[in-house]
Amino acid sequence: ASYPAAVAPAGEAGRAGGPSEAVRVETITEAIVSPAGSVLGHTTVLFSLDGVYARSTNNRRAIFLVTLLIISANCVAMWLVNGQISRPLRSLTKAAQKISAGNFALRLEAKTRDEVGELTESFNVMTAYLLESRRLIEQHTEKLESLVAERTLELSRKNEELLLQSHRPEEANRLKS
(Lines give C-alpha, C1' and ligand atoms only; values in the text may rest on other atoms or scores of the structure.)
Protein backbone atom coordinates (compact mmCIF):
# COMPACT_ATOMS: atom_id res chain seq x y z
CA ALA A 1 0.00 0.00 0.00
CA SER A 2 1.24 3.47 -0.74
CA TYR A 3 0.24 6.52 1.28
CA PRO A 4 1.14 10.16 1.07
CA ALA A 5 4.33 10.97 2.97
CA ALA A 6 2.49 13.03 5.62
CA VAL A 7 -0.03 10.31 6.51
CA ALA A 8 0.49 6.65 7.37
CA PRO A 9 -1.72 4.02 8.99
CA ALA A 10 -1.39 3.43 12.71
CA GLY A 11 0.54 0.21 12.32
CA GLU A 12 3.17 1.72 10.01
CA ALA A 13 6.00 4.05 10.97
CA GLY A 14 4.76 7.16 9.22
CA ARG A 15 5.84 10.64 10.30
CA ALA A 16 4.41 14.05 9.50
CA GLY A 17 6.06 17.39 9.83
CA GLY A 18 9.44 16.01 10.82
CA PRO A 19 11.06 13.26 12.84
CA SER A 20 9.82 14.47 16.27
CA GLU A 21 6.07 14.46 15.49
CA ALA A 22 4.24 11.13 15.40
CA VAL A 23 0.94 11.19 13.56
CA ARG A 24 -1.87 9.17 15.07
CA VAL A 25 -3.98 7.84 12.22
CA GLU A 26 -7.12 5.71 12.28
CA THR A 27 -7.89 3.45 9.30
CA ILE A 28 -11.42 2.40 8.35
CA THR A 29 -11.84 -0.12 5.52
CA GLU A 30 -15.26 -0.99 4.07
CA ALA A 31 -16.19 -3.39 1.29
CA ILE A 32 -18.05 -2.00 -1.73
CA VAL A 33 -20.81 -4.49 -2.51
CA SER A 34 -22.94 -4.60 -5.64
CA PRO A 35 -26.72 -4.91 -5.44
CA ALA A 36 -26.24 -8.55 -6.46
CA GLY A 37 -24.05 -9.11 -3.39
CA SER A 38 -20.66 -9.42 -5.04
CA VAL A 39 -17.70 -7.45 -3.67
CA LEU A 40 -16.68 -4.84 -6.17
CA GLY A 41 -13.77 -3.52 -4.17
CA HIS A 42 -12.76 -1.91 -0.93
CA THR A 43 -12.51 1.65 0.22
CA THR A 44 -10.11 2.77 2.88
CA VAL A 45 -10.39 6.01 4.80
CA LEU A 46 -7.48 7.36 6.77
CA PHE A 47 -7.90 10.19 9.26
CA SER A 48 -5.64 11.75 11.85
CA LEU A 49 -6.55 11.59 15.56
CA ASP A 50 -4.16 14.37 16.52
CA GLY A 51 -6.96 16.96 16.50
CA VAL A 52 -9.13 14.71 18.66
CA TYR A 53 -6.29 14.14 21.12
CA ALA A 54 -5.46 17.84 21.17
CA ARG A 55 -9.10 18.77 21.88
CA SER A 56 -9.28 16.04 24.51
CA THR A 57 -6.15 17.40 26.21
CA ASN A 58 -7.52 20.94 26.04
CA ASN A 59 -10.85 19.76 27.44
CA ARG A 60 -9.11 17.97 30.32
CA ARG A 61 -7.14 21.12 31.13
CA ALA A 62 -10.30 23.23 31.00
CA ILE A 63 -12.17 20.79 33.25
CA PHE A 64 -9.26 20.77 35.69
CA LEU A 65 -9.13 24.58 35.78
CA VAL A 66 -12.91 24.91 36.18
CA THR A 67 -12.87 22.31 38.96
CA LEU A 68 -10.00 24.12 40.66
CA LEU A 69 -11.89 27.41 40.33
CA ILE A 70 -15.09 25.90 41.78
CA ILE A 71 -13.21 24.35 44.71
CA SER A 72 -11.44 27.66 45.38
CA ALA A 73 -14.71 29.59 45.22
CA ASN A 74 -16.31 27.09 47.61
CA CYS A 75 -13.40 27.45 50.03
CA VAL A 76 -13.74 31.25 49.99
CA ALA A 77 -17.52 30.99 50.42
CA MET A 78 -17.12 28.57 53.34
CA TRP A 79 -14.58 30.90 54.95
CA LEU A 80 -16.97 33.85 54.61
CA VAL A 81 -19.98 31.90 55.90
CA ASN A 82 -17.89 30.49 58.73
CA GLY A 83 -16.95 34.04 59.70
CA GLN A 84 -20.59 35.11 59.59
CA ILE A 85 -21.56 32.28 61.94
CA SER A 86 -18.46 31.69 64.07
CA ARG A 87 -17.76 35.30 65.03
CA PRO A 88 -21.23 35.95 66.49
CA LEU A 89 -21.23 32.56 68.24
CA ARG A 90 -17.83 33.27 69.80
CA SER A 91 -19.22 36.63 70.92
CA LEU A 92 -22.24 34.89 72.47
CA THR A 93 -19.96 32.39 74.22
CA LYS A 94 -17.83 35.15 75.74
CA ALA A 95 -20.96 37.04 76.81
CA ALA A 96 -22.38 33.88 78.44
CA GLN A 97 -19.12 33.47 80.37
CA LYS A 98 -19.31 37.08 81.58
CA ILE A 99 -22.95 36.65 82.61
CA SER A 100 -22.11 33.44 84.48
CA ALA A 101 -19.52 35.55 86.35
CA GLY A 102 -22.29 37.95 87.41
CA ASN A 103 -22.30 40.68 84.75
CA PHE A 104 -26.06 40.70 84.03
CA ALA A 105 -26.03 44.19 82.49
CA LEU A 106 -24.18 42.94 79.39
CA ARG A 107 -26.00 43.37 76.05
CA LEU A 108 -24.97 42.22 72.57
CA GLU A 109 -25.75 43.92 69.26
CA ALA A 110 -27.65 41.76 66.78
CA LYS A 111 -25.91 42.63 63.51
CA THR A 112 -27.90 40.29 61.26
CA ARG A 113 -31.53 39.32 60.81
CA ASP A 114 -30.85 35.60 60.42
CA GLU A 115 -30.91 32.79 62.98
CA VAL A 116 -27.74 34.04 64.65
CA GLY A 117 -29.29 37.52 65.01
CA GLU A 118 -32.43 35.98 66.50
CA LEU A 119 -30.28 33.97 68.90
CA THR A 120 -28.50 37.17 69.94
CA GLU A 121 -31.84 38.93 70.55
CA SER A 122 -33.08 35.95 72.59
CA PHE A 123 -29.85 36.02 74.56
CA ASN A 124 -30.40 39.71 75.37
CA VAL A 125 -34.00 39.03 76.47
CA MET A 126 -32.84 36.14 78.65
CA THR A 127 -30.16 38.35 80.19
CA ALA A 128 -32.73 41.06 80.91
CA TYR A 129 -34.97 38.48 82.64
CA LEU A 130 -32.00 37.27 84.68
CA LEU A 131 -31.16 40.84 85.69
CA GLU A 132 -34.78 41.52 86.72
CA SER A 133 -34.98 38.21 88.61
CA ARG A 134 -31.78 39.00 90.44
CA ARG A 135 -33.09 42.49 91.33
CA LEU A 136 -36.31 40.98 92.69
CA ILE A 137 -34.40 38.35 94.68
CA GLU A 138 -32.12 41.01 96.17
CA GLN A 139 -35.16 43.15 96.99
CA HIS A 140 -36.90 40.19 98.64
CA THR A 141 -33.68 39.29 100.51
CA GLU A 142 -33.41 42.85 101.86
CA LYS A 143 -37.06 42.72 102.97
CA LEU A 144 -36.51 39.38 104.70
CA GLU A 145 -33.34 40.64 106.39
CA SER A 146 -35.25 43.70 107.58
CA LEU A 147 -38.05 41.50 108.98
CA VAL A 148 -35.52 39.23 110.70
CA ALA A 149 -33.81 42.29 112.23
CA GLU A 150 -37.19 43.62 113.47
CA ARG A 151 -38.16 40.24 114.94
CA THR A 152 -34.74 39.86 116.57
CA LEU A 153 -35.07 43.31 118.18
CA GLU A 154 -38.60 42.51 119.30
CA LEU A 155 -37.47 39.19 120.78
CA SER A 156 -34.58 40.91 122.56
CA ARG A 157 -37.02 43.38 124.17
CA LYS A 158 -39.38 40.58 125.21
CA ASN A 159 -36.46 38.65 126.71
CA GLU A 160 -35.40 41.72 128.69
CA GLU A 161 -38.94 42.22 129.96
CA LEU A 162 -39.18 38.58 130.95
CA LEU A 163 -35.84 38.79 132.71
CA LEU A 164 -36.97 41.89 134.62
CA GLN A 165 -40.23 40.25 135.55
CA SER A 166 -38.47 37.12 136.73
CA HIS A 167 -36.18 39.22 139.01
CA ARG A 168 -39.09 41.21 140.55
CA PRO A 169 -40.67 38.33 142.51
CA GLU A 170 -37.29 37.41 143.93
CA GLU A 171 -36.71 41.03 144.94
CA ALA A 172 -40.17 41.24 146.44
CA ASN A 173 -39.51 38.10 148.46
CA ARG A 174 -36.23 39.46 149.62
CA LEU A 175 -37.80 42.71 150.67
CA LYS A 176 -40.49 40.84 152.63
CA SER A 177 -37.98 38.95 154.60
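This structure is a prediction, so every number in the text was calculated from the model and none was measured. For this chain, numbers begin at 1 and follow the sequence in order.
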Got a donor-acceptor contact below 3.5 angstrom from the [X] side chain to the [Y] backbone?
X: Thr120; Y: Val116; answer: yes
X: Thr152; Y: Val148; answer: yes
X: Asn124; Y: Leu108; answer: yes
X: Ser146; Y: Glu142; answer: no

Measuring from atom [atom1] of [X] to atom [atom2] of [Y], what distance do you get when rounded to the nearest 0.5 angstrom?
X: Lys111; Y: Arg87; atom1: NZ; atom2: CZ; value: 8.5 Å
X: Phe64; Y: Leu69; atom1: CZ; atom2: CG; value: 11.5 Å
X: Arg55; Y: Leu49; atom1: CZ; atom2: CG; value: 10.0 Å
X: Glu109; Y: Ser91; atom1: CD; atom2: OG; value: 10.0 Å
X: Ile137; Y: Leu144; atom1: CD1; atom2: CG; value: 11.5 Å
X: Arg113; Y: Glu121; atom1: CZ; atom2: CD; value: 6.5 Å

When you compare the side chain of [Y] with that of [X], does any pair of heavy atoms fall below 4.5 Å?
X: Thr43; Y: Thr29; value: no
X: His140; Y: Leu136; value: no
X: Val33; Y: Leu40; value: no
X: Phe47; Y: Ile28; value: yes
X: Leu89; Y: Leu92; value: yes
X: Thr127; Y: Arg107; value: yes

Taking all atoms of both residues into account, what is the closest heavy-atom pair of [X] and [Y], and its distance?
X: Ala110; Y: Gly117; result: CB-O, 3.7 Å
X: Pro88; Y: Gly83; result: CD-O, 3.7 Å
X: Phe123; Y: Ala96; result: CZ-N, 3.7 Å

Worksheet item: Transitively linked via ILVMFWY side-chain contacts under 4.5 Å: Met126 with Leu131?
Response: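 Both belong to a single hydrophobic cluster.
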
Worksheet item: Is the shortest side-chain N to carboxylate O distance from Lys158 to Glu154 below 4.0 Å?
Response: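 The answer is no: the pair does not qualify as a salt bridge.
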
Discussion item. Under 4.0 Å between a side-chain nitrogen and a carboxylate oxygen: does that hold for Arg135 and Glu132?
Written reply: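 Looking at Arg135 and Glu132, the cut-off is met.
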
Fill in: Passing option when Thr141 is tested against Glu145, Gln139, Lys143 for side-chain contact (heavy atoms from CB on, under 4.5 Å)
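Testing each of Glu145, Gln139, Lys143 against Thr141, the sole residue satisfying side-chain contact (heavy atoms from CB on, under 4.5 Å) is Glu145.
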
Item to complete: Show the numbers, then the answer: is there a side-chain contact (heavy atoms from CB on, under 4.5 Å) between Val45 and Thr27?
Response: CA-CA 6 Å; Val45 177; Thr27 305; over 6 Å; no

Practice prompt. List in chain and number order the residues that pass side-chain contact (heavy atoms from CB on, under 4.5 Å) with Ser166, two or more places apart in sequence or in another chain; answer none if no residue qualifies.
Written response: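 Once residues adjacent in sequence are excluded, the partners of Ser166 under the side-chain contact (heavy atoms from CB on, under 4.5 Å) criterion are Leu163.
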
Discussion item. The test is salt bridge (charged side-chain N to carboxylate O under 4.0 Å, His left out); show your working for Arg157 and Glu161 and say whether it passes.
Written reply: CA-CA 6 Å; Arg157 286 184 189 152; Glu161 284 179 20; over 6 Å; no

Going by atom type alone, with no hydrogens or angles, which donor-acceptor pairs under 3.5 Å involve a side-chain atom of residues 74-82 and a protein atom two or more places apart or on another chain?
| unit_1 | atom_1 | unit_2 | atom_2 | d |
| --- | --- | --- | --- | --- |
| Asn74 | ND2 | Ile70 | O | 3.4 |
| Asn82 | OD1 | Ser86 | OG | 2.5 |

